[in-house]
Amino acid sequence: MAQLLYFGRLMDTLGRPEETLTLPTSVRDTSALREWLDRDRGLDGALLEKTIRLAVNSEIVADPHPVSDGDEIAFMPPVGGG
Amino acid sequence: MAQLLYFGRLMDTLGRPEETLTLPTSVRDTSALREWLDRDRGLDGALLEKTIRLAVNSEIVADPHPVSDGDEIAFMPPVGGG
Amino acid sequence: MLRISDEPFDAGRELSAFETEAKGAGGIVSFTGLVRDHASSGEVRALTLQAYSPMTERGIETAMAEARERWPLMALKVIHRTGEMAPGDAIVFVATASIHRRAAFEAADFLMDYLKTEAVFWKKEATATGEHWIEPRSQDYQDRARWAKV
Amino acid sequence: MLRISDEPFDAGRELSAFETEAKGAGGIVSFTGLVRDHASSGEVRALTLQAYSPMTERGIETAMAEARERWPLMALKVIHRTGEMAPGDAIVFVATASIHRRAAFEAADFLMDYLKTEAVFWKKEATATGEHWIEPRSQDYQDRARWAKV
């Protein structure tokens, strides 16, 4: 099981702040995760935007970065500052 | 009677923060006042220093500026800020 | 010292506490950021800030360490609210203490520029026209660029 | 608001009071100047500040008016101690409030530069070697020169 976190407007886009799920075996990196999840939820590319950064276990990563069950994976829109 | 105020180190030089006295009739401006008072107190030029500014009725003035009985005259060393 | 919390705080009380931590300092600068009652989209009813712990803390702590490297600071404090706030509420408090006032001013200014642009927060304004997630302003990036290492 | 007084003050309490005056501000900057415990001539036992009223007030008020002209400020406060103070005591407190944090920072910095160089105060330090009247530092003049109108 991986824990997915959705921050900022993605919380609205996904309809929840987080969820825990088993990654499909085809999803082995962040690029594949973006595509699979975007298609699965019918988001029309919202998760494919370049400005959306992914963090794996609270480290920001560059696509494609390996992901696997047990990871905490955060979808982060541009940070707005405090 | 004129009121003389001595600020900063001049308070120590003159041995008091202020005094009230009748100006000699020969003292009609700030330059004459500096000279007379310096000589009268034996200050060896302490009041003639260019960095000592005079204020008459709380306005800084350029020498020679008229002074007369009834004036408040302040002797001001360089201000040090707060 | 860094504190990120949903709890409201009182800037005056924080400044008093900071002063006792900053023994020997000649100058203390504080910045308090407040929720404004107006935004481009109208009257603001609420502001919600979301952080991602521990990434948010780690980023701010790195900026605080950089401030300590650049300026001789005796003490340093950052408090940041998260959660829902109303206009007039304090969002952020930064305090810096140094022997010299210039160092205290510059370090506080530097930390605020970091906090307003690179700090890991997402924010949502609620106005009469609904809720809006806020994007960074370009002015904020310009301010931050003032501190670029050359 | 300007207050020059022999009475001690608490910077935190002043900041809290200022915040309530600064309704609608997005940012508040405060500077607190404290008596240092060391000077070039050794350990400081006391600092005495002398003002010349109303000349001192008039000068500071002129600088405050200039700050209001240069920056969009919602509120502005200067408190200055006179008389004898001990190390750690607050000498001066400046607070500025504006919509934009840059204006608040710059206005506070500007006022402090005025207060440290041109404000009409004389000061005396008491150290182990006796009492010394303090002359302005050249760094202070350089800081002040940053604000020269061009």
Side-chain angles (χ1 to χ4, degrees), chain C residues 9-20 22-39 43-44 47 74 87-113 115-116 137 139-140 142-144 146, chain D residues 9-20 22-39 43-44 47 74 87-113 115-116 137 139-140 142-144 146:
Chain C
F9 65 87
D10 180 276
R13 200 164 303 171
E14 299 296 343
L15 180 59
S16 293
F18 185 73
E19 200 179 312
T20 67
K23 284 279 169 253
I28 292 175
V29 169
S30 80
F31 178 85
T32 311
L34 305 164
V35 180
R36 294 182 207 168
D37 51 9
H38 276 81
E43 195 188 337
V44 174
L47 183 74
M74 277 149 164
D89 284 357
I91 309 171
V92 59
F93 177 81
V94 165
T96 55
S98 180
I99 295 271
H100 301 294
R101 73 178 189 288
R102 177 116 338 276
F105 266 112
E106 290 185 0
D109 197 3
F110 167 85
L111 284 166
M112 279 311 305
D113 280 345
L115 288 164
K116 293 301 265 183
R137 296 184 310 136
Q139 177 63 42
D140 291 327
Q142 285 170 30
D143 287 346
R144 175 70 182 154
R146 295 184 306 140
Chain D
F9 65 87
D10 180 276
R13 200 165 304 173
E14 299 296 342
L15 179 60
S16 294
F18 186 73
E19 200 178 313
T20 66
K23 284 279 169 254
I28 292 175
V29 168
S30 81
F31 178 85
T32 311
L34 304 164
V35 180
R36 295 182 207 167
D37 51 9
H38 275 82
E43 193 188 339
V44 173
L47 182 74
M74 278 151 163
D89 284 357
I91 309 171
V92 60
F93 177 81
V94 166
T96 55
S98 181
I99 295 271
H100 300 295
R101 72 179 189 288
R102 178 115 340 274
F105 267 112
E106 289 184 0
D109 197 3
F110 167 85
L111 283 166
M112 278 312 304
D113 281 346
L115 288 164
K116 293 300 265 184
R137 295 184 310 137
Q139 177 63 41
D140 291 327
Q142 286 170 29
D143 287 345
R144 175 70 183 154
R146 296 185 305 140

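In what follows, chains carry the letters A, B, and so on, assigned in the order in which the sequence lines appear, proteins first and then strands, with residues in each chain numbered from 1.
Between Arg102(C) and Asp109(D), at least one side-chain N (NZ, or NE/NH1/NH2) sits under 4.0 Å from a carboxylate O, which counts as a salt bridge.
In terms of non-hydrogen atom pairs under 4.5 Å with chain C, the most contact-rich of Gly12(D), Ala108(D), Ala17(D), Gly27(D) is Gly12(D). Among the candidates His38(D), Lys23(D), Glu19(D), the residue making the largest number of heavy-atom pairs closer than 4.5 Å to chain C is Glu19(D).
Expressed to the nearest 0.5 Å, how far CZ of Phe31(C) lies from CZ of Phe105(D) amounts to 6.0 Å. One distance of note links CG of Leu15(D) with CZ of Phe93(C); it measures 6.5 Å at 0.5 Å rounding. Taken to the nearest 0.5 Å, the CZ atom of Arg101(C) stands 6.0 Å off from the NZ atom of Lys116(D).
The parts of Ile99(D) that come within reach of chain C are both its backbone and its side chain, each placing non-hydrogen atoms under 4.5 angstrom from that chain. With a threshold of 4.5 angstrom between heavy atoms, Ala97(D) does not approach chain C through any atom at all.
The side-chain heavy atoms of Ser16(C) and Asp10(D), taken from C-beta on, include a pair separated by under 4.5 Å.
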